[in-house]
Amino acid sequence: MDEKFLKPYDPTETEPRIYAQWEQSGFFNPDTCIAAGAAKPDAPTFSIVLPPPNVTGRLHMGHALMLAVEDTLVRFKRMQGFRTLWLPGTDHAAIATQSVVEKKLKKEEGRSRHDLGREELLKRVEAFATESHDTIVKQLKTMGASLDWSRETFTLDEARNKAVRTVFKQMYDAGLIYRGLRIVNWDPKGQTTISDDEIVYEERTAKLYTFRYSKDFPIPVATTRPETKVGDVAVAVHPDDTRYQQYVGKEYDAVFCDVPIHINVVADKDVDPEFGTGAVGVTPAHSKIDWEIAERHNLSHENIVINEYAKMTVPGRLEGKKTTEARELVIEWLKSEGLLEKEEDTRQNIATAERTGGIIEPLPKLQWWIAVNKEIPGRGKTLKELMLEPIERGEIRFVSEQFEKVYRHWIENLRDWCISRQIWYGHRIPVWYRGEEIAVGEAPEDEGWTQDEDTLDTWFSSGLWTFSTLGWPETTPDLSAYHPTDLIETGYDILFFWVARMILMTEFALGTVPFKTIYLHGLVRDAQGRKMSKSLGNNLDPLDIAAKFGADAARMALMVGNTPGTDMRISEDKIKGYKHFANKLWNITRFILERTEGVELAAEFTQADAAIRDELSALAKDVTADLEAYRIHLAAEKLYHFTWHRLADEILEESKPILLGEDAAARASRARLLRDTLDTLLKLLHPFMPFVTEEIWQRIPNQSEKLLMVAAWPR
RNA sequence: GGGCGAUUAGCUCAGUUGGUUAGAGCGCACGCUUCACACGCGUGAGGUCACAGGUUCGAAUCCUGUAUCGCCCACCA
């Protein structure tokens with residue numbers, strides 16, 4: 001017996017060595033598996049694209065969970081003989097990455113992006129992205145991820161750029177991408193537009209003020225943002241509100257806090273007569289709803305009073321003031337003029353930007369949009385319909401069915417998607433202007449063209465991920481073999497951002513689904529159930545965890561008892577438990593090898609041993625069925641339980657007298673049973689705990705299959 | 001305001017299509033230097049499955065309602 005078994009299992013020494021061995025074997029690449037006979041050339045395929053981690057730093061435990069689940073499924077399928085592809089890549093994560101670099105720049109050098117300029121900033125961001133990428137790859141390998149590195153991609157590399165330009169052009173030609181002036185969510189801190197999905201609402205107490213524009217203005221108006229009232233063009237009331245009907249259609253002039261304003265009184269059904277005074281001051285340039293009201297009543301949109309830095313642009317005492325300062329000044333002025341009628345507390349949800357925390361300032365801006373409710377020429381359907389159909393037809397199914405309703409509900413309320421961003425890192429919008437002319441897709445060859453300054457929302461390129469990574473728009477063998485992919489596995493928090501956008505993009509560009517099954521995992525929280533975050537300092541780094549307990553232990557701890565779609569708690573104690581389990585398996589092996597060394601292995605089992613062999617076959621079947629149905633938590637728990645409490649506690653114990661006994665036939669049968677059981681169990685456990693099982697496997701004498709990772713799955 | 005989910009042992013959670021006596025890990029108590037393993041072994045305590053009705057031969061599981069907690073979406077000026 002290998003002397004190594006005399007000491008406890010040491011994952012830190014083992015894991016990097018084993019990973020190097022796997023990598024060297026080339027079996028992460030399905031082509032190598034075929035060449036080596038580990039998969040048949042015509043075997044069915046199984047493919048997953050790795051949800052590309054953002055190059056914003058390093059991986060956290062949520063990523064570790066994702067890797068554990070995906071690697072387990074991939075290894076399972078590979079051992080079953082599928083042509084299995086798990087394709088790695090990273091995401092440039094435009095806003096997220098640029099804002100990390102900008103923050104660093106500010107902190108370390110006290111400079112802004114404008115001090116550096118576009119080109120220099122991009123150099124900095126790219127350097128940072130490269131560094132992050134390398135860290136992330138190291139972490140992925142540490143977790144044991146059997147990714148095909150020969151096919152690695154990046155959302156911003158040349159091939160992916162090409163895919164982005166191609167889809168953009170196709171959508172533009174189909175009339176689905178358009179440029180339009182609308183109220184956008186402007187983040188004054190990040191100096192960019194963001195989409196509705198990037199908004200986080202924070203509940204706060206705010207003051208609701210009731211006032212009149214002037215002494216002779218007949219209708220009192222309630223507002224939480226008095227400073228915007230210098231931009232008002234109308235007062236809207238409900239059409240049935242008898243209090244105000246007599247004023248509808250009338251116009252008034254006033255000088256509001258040094259600013260001359262002209263107010264139309266209009267009737268609009270969107271006004272709630274119960275709220276405030278039942279009358280809304282309409283500020284078209286600084287409120288989405290007001291913009292719509294103004295459109296319905298042909299009122300001016302152009303009355304902009306706040307700029308991109310959230311400062312007032314009107315002449316007079318407010319000029320150049322921040323909105324918050326201006327608010328105070330307006331209240332002061334209202335009081336001094338005797339126009340303020342009431343001041344009360346109200347609860348308010350304030351819109352903030354997810355990445356920067358800046359308070360969103362609605363502003364009218366010329367932006368690029370994707371129309372989701374417009375019929376696609378030649379297809380008779382809208383993008384929204386394309387997003388719903390595969391779910392309805394059952395071509396895509398959710399592992400946790402509750403998400404189907406959530407998804408539908410989101411789609412039904414979907415509005416046009418704003419895809420342009422005023423940041424520099426990302427895919428530059430593939431549009432060029434020359435006077436009145438416009439060119440889309442590829443840069444024109446001739447002189448005088450200027451490219452659009454903006455970049456694309458990062459989710460535009462992520463939406464193409466399942467097929468851009470396989471070589472589209474070229475028709476590659478990979479694309480036809482591995483697309484649609486079998487599974488997408490990611491956190492439920494990016495169902496809308498990403499999963500929905502992949503369905504949209506793939507249905508549009510390829511007319512197929514991007515994947516057949518959606519497996520959404522929950523959040524990984526700390527032992528107290530809190531979100532892991534930098535500010536709380538309760539983050540666990542997969543690298544540290546692997547160094548302390550081994551990647552195998554981390555993987556098991558993340559999978560056992562964790563049902564898809566549900567948040568879980570993780571603690572070092574739990575992970576330690578599975579480190580012990582790896583050691584238990586190690587010692588089981590030691591026992592079996594020691595006690596069967598030199599014992600002749602029987603050809604036939606005794607009746608008792610045949611029963612145990614059947615029990616094991618039943619377990620194998622059970623685990624297989626669980627994995628095929630994505631019940632990973634159950635499979636893992638069953639294996640744990642069998643290994644420790646059936647095999648070690650019972651079978652090994654009752655084997656002791658048999659192996660030391662006089663009955664040679666029983667001894668030979670039991671020896672063979674134990675060796676067979678160990679082999680089978682190592683195979684069954686390998687997808688979950690790849691390192692320790694592989695290490696043991698290679699130290700068992702007379703092993704017929706060399707690498708456990710491509711050994712045949714028990715059937 | 002609309003939607004989704006949860007409530008099972010002290011704690012964290014499983015429990016697949018309704019089917020024996022409801023399980024695991026951790027923790028706890030007691031005892032073990034037993035020749036695979038103290039990263040261990042043995043024994044044990046601990047549950048009205050949130051509550052109230054209903055369906056059923058049978059309910060933690062299905063239905064209705066209530067309570068509490070959590071999350072998502074929308075958002076009132």
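Since the model is a prediction, treat every value here as computed from it, not as a measurement. Reminder, nothing fancy here: chain letters follow the sequence lines and each chain counts from 1.
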So if I take every side-chain heavy atom of R415(A) and compare against C75(B), A77(B), A14(B), which nucleotide ends up nearest?
C75(B)

Any base atoms under 4.0 Å from R569(A), or only sugar-phosphate, or nothing? Heavy atoms, all strands.
sugar-phosphate

Select base, sugar-phosphate, or nothing to describe what E274(A) touches, counting heavy atoms under 4.0 Å on all strands.
nothing

Under 4.0 Å, heavy atoms only, any strand: does L652(A) hit a base, just the sugar-phosphate, or nothing?
base

T223(A) has a side chain; which of A74(B), G2(B), A77(B) sits nearest to it?
A77(B)

Just checking R347(A): base, sugar-phosphate only, or nothing, at a heavy-atom cut-off of under 4.0 Å?
nothing

Between A77(B), G42(B), U16(B), which nucleotide gets closest to the side-chain atoms of D649(A)?
G42(B)

Parallel, tilted or perpendicular: ring planes of F403(A) versus F398(A), cut at 30 and 60 degrees
tilted

When we call it a touch if two heavy atoms are under 4.0 Å apart, what does I289(A) touch: a base, just sugar-phosphate, or nothing?
sugar-phosphate

Heavy-atom donor-acceptor pair, K638(A) side-chain to U16(B) base, under 3.5 Å
yes

Between A74(B), G15(B), A24(B), which one does the side chain of N349(A) approach most closely?
A74(B)

Closest to the side chain of Y640(A), out of C4(B), G25(B), G40(B), is G25(B)

May I ask you to say what D573(A) touches in the nucleic acid, namely base, sugar-phosphate or nothing, with a heavy-atom cut-off under 4.0 Å?
nothing

Looking only at C76(B), C39(B), G25(B), the nucleotide nearest the K579(A) side chain is C39(B)

Using a heavy-atom cut-off of under 4.0 Å over every strand shown, decide if Q528(A) touches base, sugar-phosphate, or nothing.
nothing

From C4(B), C75(B), C76(B), nucleotide with atom closest to K405(A) side chain
C4(B)

Can you tell me which nucleotide in G40(B), G2(B), A77(B) comes closest to the side chain of F275(A)?
A77(B)

If only side-chain N and O atoms of W644(A) are considered, is one of them under 4.0 Å from the OP1 or OP2 phosphate oxygen of C41(B)?
yes

Nearest of A14(B), U16(B), C41(B) to any side-chain atom of D626(A)?
U16(B)

Taking C73(B), A14(B), A77(B) as options, the one with an atom nearest any side-chain atom of T566(A) is A14(B)

With a 4.0 Å cut-off on heavy atoms, is A279(A) in touch with a base, just the backbone sugar-phosphate, or nothing at all?
nothing

What's F5(A) touching, base or sugar-phosphate or nothing? Going by heavy atoms closer than 4.0 Å.
nothing

K584(A) vs C37(B): side-chain N/O to OP1/OP2 distance below 4.0 Å
no

